[in-house]
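Being a predicted model, the structure only gives us computed values, none of them experimental.
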Amino acid sequence: TMTWGYTSVGVYTVTAGAAAFTANQTQIFMSMPPLANHTIATARTSTTVITLDVNYIDESDANDVLTETAIRICIFP
């Protein structure tokens, strides 16, 4: 089971019900239109949490950027 969470402006998490996100074997793919004034950083925070950090180019946090974005998390053997 995966649960999405909203931490603060521009910061989102996905939490797995068990240790699933292995080091060097977890990849995040997103399908979204190019955003000239935004950056999106993803990080495997732990074996159960992935964090997405969405910012404007000036480093300020941004909401509503991931609307209608498909996100796929792949865990490779």
Do the side chain of Arg72 and the main chain of Phe29 share a donor and acceptor less than 3.5 angstrom apart? no
Would you confirm whether Asp53, through its side chain, and Ala41, through its main-chain N or O, come within 3.5 Å as a donor-acceptor pair? no
Rounded to the nearest 0.5 angstrom, the OG1-CD1 distance for Thr42 and Ile50 is 7.5 Å
Which heavy atom in Trp4 sits nearest to a heavy atom in Ile71, and how many Å separate them? CH2-CD1, 3.9 Å
Is Val9 reachable from Val11 through a run of hydrophobic residues whose side-chain heavy atoms are each under 4.5 Å from the next? no
Run the side-chain hydrogen bond (donor to acceptor under 3.5 Å, both in side chains) test against Thr45 and tell me which residues pass, sequence neighbours left out. Thr51
side-chain hydrogen bond (donor to acceptor under 3.5 Å, both in side chains) filter on Thr48, not counting sequence neighbours, yields Ser46
Pairing residues for Tyr12 by the ring pair (Phe, Tyr, Trp, His ring centres under 6.0 Å) criterion, not counting sequence neighbours: Tyr6
Under 4.5 Å between any side-chain heavy atoms of Ile73 and Val14, yes or no? yes
Could you tell me whether the side chain of Met30 reaches within less than 4.5 Å of the side chain of Leu52, counting heavy atoms only? yes
Quick note, ring-ring contact (aromatic ring centres under 6.0 Å, His included) partners involving residues 57-77, not counting sequence neighbours, are none
What pairs of residues pass the ring-ring contact (aromatic ring centres under 6.0 Å, His included) test when at least one of them lies in residues 49-75, not counting sequence neighbours? His38-Tyr56
Please name all residues satisfying side-chain contact (heavy atoms from CB on, under 4.5 Å) with Ala43, sequence neighbours left out, ordered by chain then number. none
Sort and list the pairs that fulfil side chain to side chain donor-acceptor pair (under 3.5 Å) and have at least one residue in residues 17-26, not counting sequence neighbours. Thr22-Gln25
